[in-house]
Amino acid sequence: MSERGPGHPPTRFKVRHGAATHPGLVRGHNEDSLLASRNTYLVADGLGGHAKGEVASQAVVAAFRAESQADWLTPEGLHRALEQASRVIVQASGGVGRAPGSTVVGVGLAAQSGLPYWMIFNVGDSRAYMLRSGRLQQISVDHSRVQAVADAGGQANPAARNVITRAIGAGLPSPVLADQWLMPAAVGDRVMLCSDGLSTEVSDQLIAATLLAFCEPQEAADELVRAALNAGGRDNVTVVVVDAIEVTGAVDTLGVDEDTLGGPPIGIEDQATLPGDEALWTSDGEGVRHA
């Protein structure tokens with residue numbers, strides 16, 4: 001991605017990615033979907049126990065693909081994609097059975113004041129991690145009952161392991177907002193996105209070791225999926241790895257209309273939850289799907 005001002009060098013943000021998905025060793029079909037397209041990379045996990053979970057995750061991918069042809073992902077584009085995905089999922093429900101829904105976790109390429117930024121966003125319990133200078137950090141915060149109980153200082157019942165408290169669709173009356181984190185990009189950054197089929201099977205320590213051991217993003221993604229399968233593969237598992245390989249800032253060369261973020265880089269936490277604190281169960285399945 002690049003943004004040019006007349007007579008000035010461009011802002012460049014070039015990445016390389018790898019992606020892998022598998023239905024797992026227990027589920028009958030794959031309700032995970034993924035996107036790797038120009039300015040946006042994401043993982044969507046259709047909700048287990050809900051009708052048409054794979055339709056919901058595919059609707060998320062389609063909505064973001066429509067926004068991914070520009071150089072940069074913007075907050076407005078993110079909001080439009082979430083609204084569109086919500087509309088399609090509501091239409092797909094047909095009013096029969098439990099409403100379909102999906103999680104989403106993603107990273108967009110963004111620019112502000114001539115500088116490249118990662119725009120990380122999530123709804124649900126699919127996760128985003130950042131590997132920088134040899135250290136792994138979980139960036140996203142799970143919208144889950146386990147996380148809510150932990151935040152309150154308690155300990156959740158193990159039976160609540162897969163219960164989430166926010167999703168796209170799933171009977172919500174209006175589109176839910178995603179949490180967002182805007183982080184200055186640097187060469188060598190590695191962002192890893194995954195469905196909970198990885199994070200519930202593989203420890204953060206093993207995730208970090210794998211991301212450090214495999215330089216090629218495709219090899220890292222393949223190995224992480226393999227690790228989840230070796231640990232039991234009880235869920236669909238999807239991994240997207242995105243590496244920053246060229247990051248060039250053109251500070252003070254962009255006009256106001258070229259500033260895609262429109263404000264200082266901050267984390268934005270949306271407090272919306274499902275009506276009546278209803279719980280949702282995540283899902284999984286069959287047929288490997290690559291985008």
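All heavy atoms count here, side chains included; hydrogens, waters and symmetry mates do not. We number each residue from 1, following the sequence as shown.
Considering all non-hydrogen atoms of both residues, L193 and A128 come closest at CD2-CB, 3.7 Å. Minimum heavy-atom separation, K52 to P100: O-CB, 3.7 Å. Taking all atoms of both residues into account, the shortest heavy-atom contact from S86 to I168 is OG-CG2, 3.6 Å. Summarising the geometry of P116 relative to G249, their closest heavy-atom pair is CD-CA, 4.1 Å, with the distance given to 0.1 Å. Contact record, A110 with L73: CB-O, 3.6 Å, taken as the closest heavy-atom pair. In terms of heavy atoms, G169 sits closest to I89 at CA-CG2, 3.9 Å.
Atom CG of residue D142 and atom OG1 of residue T165 lie 9.0 Å apart, to the nearest 0.5 angstrom. With values rounded to the nearest 0.5 angstrom, T103 atom OG1 is found 12.5 Å from R166 atom CZ. Note that CG of L42 is 4.5 Å distant from CG of L35, once rounded to the nearest 0.5 Å. Separation of atoms CD (Q180) and CD1 (I120) is listed at 11.5 Å; rounding is to 0.5 Å. Taking NE2 from H22 and OG from S195, the interatomic distance works out to 12.5 Å, rounded to the nearest 0.5 Å. Here L136 contributes atom CG and L212 contributes atom CG; the two are 8.0 Å apart, rounded to the nearest 0.5 Å.
For K14 (side chain) and V247 (main-chain N/O), no donor-acceptor pair under 3.5 Å exists by modelled atom type. With hydrogens and angles disregarded, no donor-acceptor distance shorter than 3.5 Å links the side chain of E54 to the backbone of G46. Remark: side-chain polar atoms of R38 are paired, donor with acceptor, to backbone N or O of A70 under 3.5 angstrom. Distance alone, capped at 3.5 Å, places no donor-acceptor pair between the S37 side chain and the T40 backbone. Under the 3.5 Å distance criterion, the side-chain polar atoms of T248 are left unmatched by any main-chain donor or acceptor of T11. Checking side-chain atoms of H17 against main-chain N and O of V242 turns up no donor-acceptor pair under 3.5 Å.
Within the structure, side-chain hydrogen bond (donor to acceptor under 3.5 Å, both in side chains) pairs that include any residue of residues 207-217 do not occur (at least two apart or interchain). Residue pairs satisfying the salt bridge (charged side-chain N to carboxylate O under 4.0 Å, His left out) criterion with at least one member in residues 99-108, sequence neighbours excluded, are absent.
Under the 4.5 Å side-chain heavy-atom criterion for grouping Ile, Leu, Val, Met, Phe, Trp and Tyr, V55 is not connected to V90 through any hydrophobic cluster. Note on L25: it clusters hydrophobically with V202, by side-chain heavy-atom contacts below 4.5 Å among ILVMFWY residues. Both W118 and V141 are assigned to one and the same hydrophobic cluster, defined by single-linkage of ILVMFWY side chains at heavy-atom distances under 4.5 Å. Note on L109: it clusters hydrophobically with V187, by side-chain heavy-atom contacts below 4.5 Å among ILVMFWY residues.
Residues passing the side chain to side chain contact (heavy atoms under 4.5 Å, CB included) test with V88 are A59, Q84, sequence neighbours excluded. Here A220 pairs with R190, L211, F214, V241 under the side chain to side chain contact (heavy atoms under 4.5 Å, CB included) rule; sequence neighbours left out. Looking at residues two or more places apart in sequence or on another chain, you find a side chain to side chain donor-acceptor pair (under 3.5 Å) between D204 and Y129. Residues passing the side chain to side chain contact (heavy atoms under 4.5 Å, CB included) test with D222 are A20, Q218, R226, sequence neighbours excluded. Qualifying side chain to side chain donor-acceptor pair (under 3.5 Å) partners for S199, counting only residues two or more places apart in sequence or in other chains: none. Residues forming a side chain to side chain donor-acceptor pair (under 3.5 Å) with Y41 (at least two apart in sequence, or on another chain): none. Every residue two or more places apart in sequence or in another chain that forms a ring pair (Phe, Tyr, Trp, His ring centres under 6.0 Å) with F64 is listed here: F121. A search for salt bridge (charged side-chain N to carboxylate O under 4.0 Å, His left out) contacts involving R16 returns nothing, not counting sequence neighbours. Scanning for side chain to side chain contact (heavy atoms under 4.5 Å, CB included) contacts around A186 gives R132, D189, with sequence neighbours left out. With sequence neighbours excluded, the residues forming a side chain to side chain donor-acceptor pair (under 3.5 Å) with T238 are T21, D32, listed by chain and number.
Considering only heavy atoms from C-beta on, Q137 stays 4.5 Å or farther from L131 through its side chain.
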Mind running side chain to side chain contact (heavy atoms under 4.5 Å, CB included) on D196 and L198 for me, showing each step along the way? CA-CA 5 Å; D196 68 331; L198 177 73; over 6 Å; no
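Aromatic rings of W72 and Y117 (six-membered ring for Trp) have centroids beyond the 6.0 Å cut-off, not under it.
Under the 3.5 Å distance criterion, with hydrogens and angles disregarded, a donor-acceptor pair is assigned to the side chains of S33 and S57.
Partner of I139 under the side-chain contact (heavy atoms from CB on, under 4.5 Å) criterion, out of R127, M192, M183: M183 alone.
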